[in-house]
Every structure is written in C-alpha cells, then in structure tokens.
Amino acid sequence: MAKSKGPVVTKLTEEEITSLTNLQSDYNTVISGIGGVQSQIWALESRKEGLKQSLVQLQEQEVKLGKVLEEKYGAGTISLEKGEISVAE
C-alpha cells in the first residue's frame, strides 16, 4: 500500500492575508449593518402598531362625540372655524 501524503501547505503572502482580512472585515461590517437596519425595522413596526391603536381609539372617540352632538343638536355640519353647527330642518 502506498503511503498517503498529507496536504501541501503553502504560505500566503502578506498581501493575500491583508486582502482576505479586509474582505472578512467588510463582510462583518455589512452583516452588522443589516442587523442594525433590521433592529430599526422592528422598532418602527412596533411604533406603527402603537400608532394604529391610537388611531383606532381616536376614531372611537370621534364616533362617541359625534353621537353626543347629534343627540343634542341633531344631524348637521360642524364648522370649527365659526364654532357653529348647521342642522337641516
């Protein structure tokens, strides 16, 4: 049986080592940047959900106030600039 030889080991040049190290560093920078962006996306999605809940609450308040004003004055059109409500007779 023939004796198997181990792998041939060759020393890399300093330029090759520097190029590979720079490439690895660039990969790490990009991956870290992607993680940062994803974290911001999650934070924005969370904020968006909170704002959507606030919007629903405001819409509910608007409906309630509209019912109160309609019961008091009747169905009509409100002018905030004049502070008046016009009710059709």
Side-chain angles (χ1 to χ4, degrees):
M1 230 193 222
K3 188 175 179 183
S4 68
K5 296 181 179 181
V8 176
V9 177
T10 305
K11 195 81 166 153
L12 297 173
T13 67
E14 286 299 318
E15 183 179 316
E16 292 167 333
I17 292 171
T18 299
S19 293
L20 289 168
T21 302
N22 289 341
L23 184 63
Q24 186 178 34
S25 176
D26 290 346
Y27 268 115
N28 289 339
T29 300
V30 169
I31 290 170
S32 176
I34 289 170
V37 168
Q38 186 61 51
S39 176
Q40 291 173 348
I41 289 170
W42 289 331
L44 288 170
E45 287 173 345
S46 176
R47 184 170 177 214
K48 179 181 173 184
E49 285 305 310
L51 290 170
K52 284 168 61 175
Q53 291 175 0
S54 294
L55 179 61
V56 168
Q57 291 172 350
L58 288 171
Q59 290 170 334
E60 290 171 354
Q61 290 175 8
E62 179 183 30
V63 168
K64 287 178 185 177
L65 181 57
K67 288 179 182 179
V68 168
L69 294 173
E70 188 173 331
E71 287 175 11
K72 185 173 183 178
Y73 299 107
T77 303
I78 295 174
S79 169
L80 290 177
E81 295 82 23
K82 294 180 182 180
E84 299 174 344
I85 183 167
S86 299
V87 180
E89 295 186 27

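Predicted, not measured: the structure shown is a model, and the values here were computed from it. No hydrogens, no waters, no symmetry mates; every other heavy atom, side chains included, goes into these values.
Chaining together hydrophobic side chains whose heavy atoms lie under 4.5 Å apart places Leu65 alongside Leu69, Tyr73, Ile78, Leu80, Ile85, Val87. With a 4.5 Å cut-off between side-chain heavy atoms of Ile, Leu, Val, Met, Phe, Trp and Tyr, the cluster of Val9 takes in none.
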Please report, to 0.1 Å, the donor-acceptor pairs under 3.5 Å made by any side chain of residues 12-26, with sequence neighbours excluded.
{"residue": "Thr13", "atom": "OG1", "partner": "Glu16", "partner atom": "N", "Å": "3.1"}
{"residue": "Thr13", "atom": "OG1", "partner": "Glu16", "partner atom": "OE1", "Å": "3.3"}
{"residue": "Glu16", "atom": "OE1", "partner": "Thr13", "partner atom": "N", "Å": "2.9"}
{"residue": "Thr18", "atom": "OG1", "partner": "Glu14", "partner atom": "O", "Å": "2.8"}
{"residue": "Ser19", "atom": "OG", "partner": "Glu15", "partner atom": "O", "Å": "3.0"}
{"residue": "Thr21", "atom": "OG1", "partner": "Ile17", "partner atom": "O", "Å": "2.8"}
{"residue": "Asn22", "atom": "ND2", "partner": "Thr18", "partner atom": "O", "Å": "3.3"}

Sequence neighbours excluded and cut-off under 3.5 Å, please list the side-chain donor-acceptor pairs for residues 32-58, or say none.
{"residue": "Glu49", "atom": "OE2", "partner": "Lys52", "partner atom": "NZ", "Å": "3.3"}
{"residue": "Ser54", "atom": "OG", "partner": "Gly50", "partner atom": "O", "Å": "3.2"}

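The list of salt bridge (Lys or Arg N to Asp or Glu O under 4.0 Å) pairs with a residue in residues 68-79, not counting sequence neighbours, is empty.
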